[in-house]
Protein chains: 2
Amino acid sequence: MSTIIDVARAAGVSTATVSRVINTPQAVREATRTRVLAAMEACHYRYNALARGFATKRTRTIGLIIPTITNPGFAESTRGIQERAAAAGLSVLLGNTNYDPETEEKLIRVFREMQVDGLVITTTNPNNPILKNLVAEGFPFVVLYSTVRRGHMSCVGVDNYRGGYMATQHLIDNGHRRIAMIAGAFRSSDKSRGRWDGYRQCLRENGLVYDKDFLAQTTYSLASGREVIQQLLRLETPPTAVFCSNDYLAIGVMEGARDAGLELPADLSVVGFDDIPLASYVTPGLDTIRLPAYEMGALGFEALLERIEKGGQTPVHRMLGLELIVRGSVAPPRGNA
Amino acid sequence: MSTIIDVARAAGVSTATVSRVINTPQAVREATRTRVLAAMEACHYRYNALARGFATKRTRTIGLIIPTITNPGFAESTRGIQERAAAAGLSVLLGNTNYDPETEEKLIRVFREMQVDGLVITTTNPNNPILKNLVAEGFPFVVLYSTVRRGHMSCVGVDNYRGGYMATQHLIDNGHRRIAMIAGAFRSSDKSRGRWDGYRQCLRENGLVYDKDFLAQTTYSLASGREVIQQLLRLETPPTAVFCSNDYLAIGVMEGARDAGLELPADLSVVGFDDIPLASYVTPGLDTIRLPAYEMGALGFEALLERIEKGGQTPVHRMLGLELIVRGSVAPPRGNA
DNA sequence: GCAAAAATTGTAAACGTTTACATTCAGGGT
DNA sequence: ACCCTGAATGTAAACGTTTACAATTTTTGC
């Protein structure tokens with residue numbers, strides 16, 4: 001493959017001039033420019049962005065770390081980031097953690113070794129010391145989905161606490177008093193934990209007791225929702241409603257409840273979280289908390305870009321709005337009209 | 001940031017030895033190795049993969065080009081690639097084309113400038129001369145979803161022609177004779193075109209005439225399915241069945257048909273393509289052609305890795321099986337019992 | 001025409017690693 | 001003690017750009 005040196009020789013100029021033709025064409029005289037361009041053509045020259053990155057210490061690449069690309073919510077965020085990044089001329093390196101903290105740490109390391117200019121991270125735990133280190137080193141990154149109120153970490157997220165509260169209140173408003181929650185494992189999802197805090201607080205403020213048998217932590221999947229609900233229904237006094245910290249869990253719960261012979265929503269009310277496309281297609285339609293995933297990705301990227309370009313140190317704390325979507329999976333409990 | 005040179009100095013060895021500790025630890029004596037490791041620790045050394053890539057001309061990175069991460073099928077393929085790549089110690093650079101050929105070309109160029117070791121491409125057009133060039137240059141890449149039978153291009157795909165044929169035959173078997181097809185635009189999706197060929201051939205072999213009013217080309221989205229079906233229903237003799245080259249289109253068609261007052265599947269039968277999760281949740285369940293997306297990604301990556309590592313030149317042509325999934329969106333036309 | 005200013009181009013070092021080749025070292029056999 | 005062998009380590013060039021600075025050319029104002 002030919003290099004800038006070959007081109008320079010062919011055009012009878014220095015490598016510096018060729019470099020200028022590539023990067024700041026207006027800084028070189030028209031005549032030389034066309035001569036260089038012609039030489040490039042003749043040499044079948046292809047620019048080596050790696051060498052540039054090496055010389056400038058800027059790769060125009062960012063790393064994106066998410067739990068799984070298979071969840072439509074993360075796919076939407078990814079699209080948001082990807083589109084804005086492409087518009088800004090940056091490339092995106094994708095990594096999936098499968099909600100595993102160790103994979104997350106490994107990805108952070110690998111991406112930094114690859115000299116990415118910044119990171120967008122959907123973390124399992126915003127208090128991870130690794131993130132503190134990144135802050136301390138002044139490395140540009142933004143955390144998505146979570147919102148840390150204090151501290152020097154930038155984040156663009158939603159108020160998970162408030163989302164949990166809204167969902168629970170919705171069930172209480174419909175007359176429920178025995179409300180279970182199925183959450184992603186707290187150790188691998190602080191979002192899940194935030195939603196749980198909201199759930200508990202809402203119960204308390206409405207004078208309901210929090211029953212720890214009514215909390216299940218599990219993995220984020222349809223199958224585990226299906227499974228866990230069966231267990232909850234076997235309790236002595238089973239719940240009349242369930243709040244799930246993710247729509248897949250919620251839809252799994254609906255299926256599991258039907259398998260157990262329940263009629264929905266009369267026998268069991270369900271609220272989810274995310275508002276994935278599927279939520280409006282199940283029967284009954286799933287009541288859920290809509291999370292602006294695309295927007296979060298887009299704004300997250302913009303915040304990161306700002307940090308990268310301007311080098312600013314002031315952290316961004318952006319909290320996006322949540323919305324309760326009502327479709328029909330919640331009804332008053334039996335005998336409560 | 002400290003470099004290999006600082007570490008070498010701190011440990012009292014040469015840079016070559018430090019490099020060996022990193023890459024071939026068994027080639028350096030235990031005592032020196034621990035000394036070097038300690039020096040790395042002391043210097044807070046972080047490996048620079050970019051510099052390695054520059055020196056070795058291997059970045060351990062591949063580029064992945066897909067139309068959109070938002071379609072669950074592509075998300076699954078992406079997961080397949082991503083997982084295998086991570087296991088092999090490679091990173092994945094993600095690019096979305098939105099079915100735009102120019103964006104595709106641009107991504108290919110950008111990724112090559114970044115010196116990726118190879119590409120996995122879901123192309124809008126496998127006959128694109130750009131791909132021929134890649135082959136001519138001996139650059140490793142594999143094409144997903146499409147299957148080109150002849151030629152030196154590696155591909156791991158499905159037989160789109162056969163898929164189209166299967167779907168159409170399914171409708172004919174149910175007694176339909178007026179079968180429309182809604183396809184993605186041919187210019188931006190050769191897959192769509194292959195499915196159409198199968199559709200036409202199947203009609204012909206069953207003695208049915210191909211009516212060109214019954215073909216609609218549009219964009220791959222729920223909304224356009226919804227829209228296009230309304231037009232088809234306004235024809236003098238509207239179709240009794242529709243084959244859509246993608247599940248989103250098919251689900252849009254179901255919605256649109258309902259909006260027009262039709263009862264499904266009695267008034268209109270629908271077959272889709274892909275088998276996304278949504279397909280089993282709509283009512284009635286969508287009959288569709290299942291496409292093994294995850295497997296395709298995984299196998300595609302393996303084929304690429306083989307090419308990269310072994311440097312083999314013999315192209316891989318892998319054709320994965322398709323399966324007709326019957327759920328209830330197809331019924332005999334009215335008055336045909 | 002001329003000097004000064006501005007625009008253009010050239011020179012060469014720097015970026016952090018790998019690696020072919022050369023050199024040194026350790027230890028076994030005599 | 002010496003030679004030999006193989007293992008361990010060192011030397012230094014190479015990878016393809018960018019960029020500070022210097023040198024040269026062109027333009028401007030008079």
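Only a predicted model underlies this, so the values are computations on that prediction, with no experimental measurement involved. Letters go in sequence order (proteins before strands), and every chain restarts at 1. Below, all heavy atoms of this structure are taken into account, side chains as well, without hydrogens, waters or symmetry copies.
A salt bridge is absent between B:Arg109 and B:Glu105: the closest approach of a Lys/Arg side-chain nitrogen to an acidic carboxylate oxygen does not fall below 4.0 angstrom. Comment: B:Arg318 does not engage B:Glu295 in a salt bridge, judged by the lack of any side-chain N to carboxylate O separation of less than 4.0 angstrom. Here A:Glu113 does not pair with B:Arg46 in a salt bridge; the nearest charged N to carboxylate O distance is not below 4.0 Å.
Counted by atom type alone, A:Thr68 and A:Asn96 present zero donor-acceptor pairs between their side chains at under 3.5 Å.
The cationic atom of B:Arg112 (NZ for Lys, CZ for Arg) lies less than 6.0 Å from the six-membered ring centre of B:Phe139 and within 45° of the ring axis.
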Under 4.0 Å protein heavy-atom contact, by nucleotide of nucleotides 6-18 of chain C - B base, S sugar-phosphate only: --SBBBB--BBBB
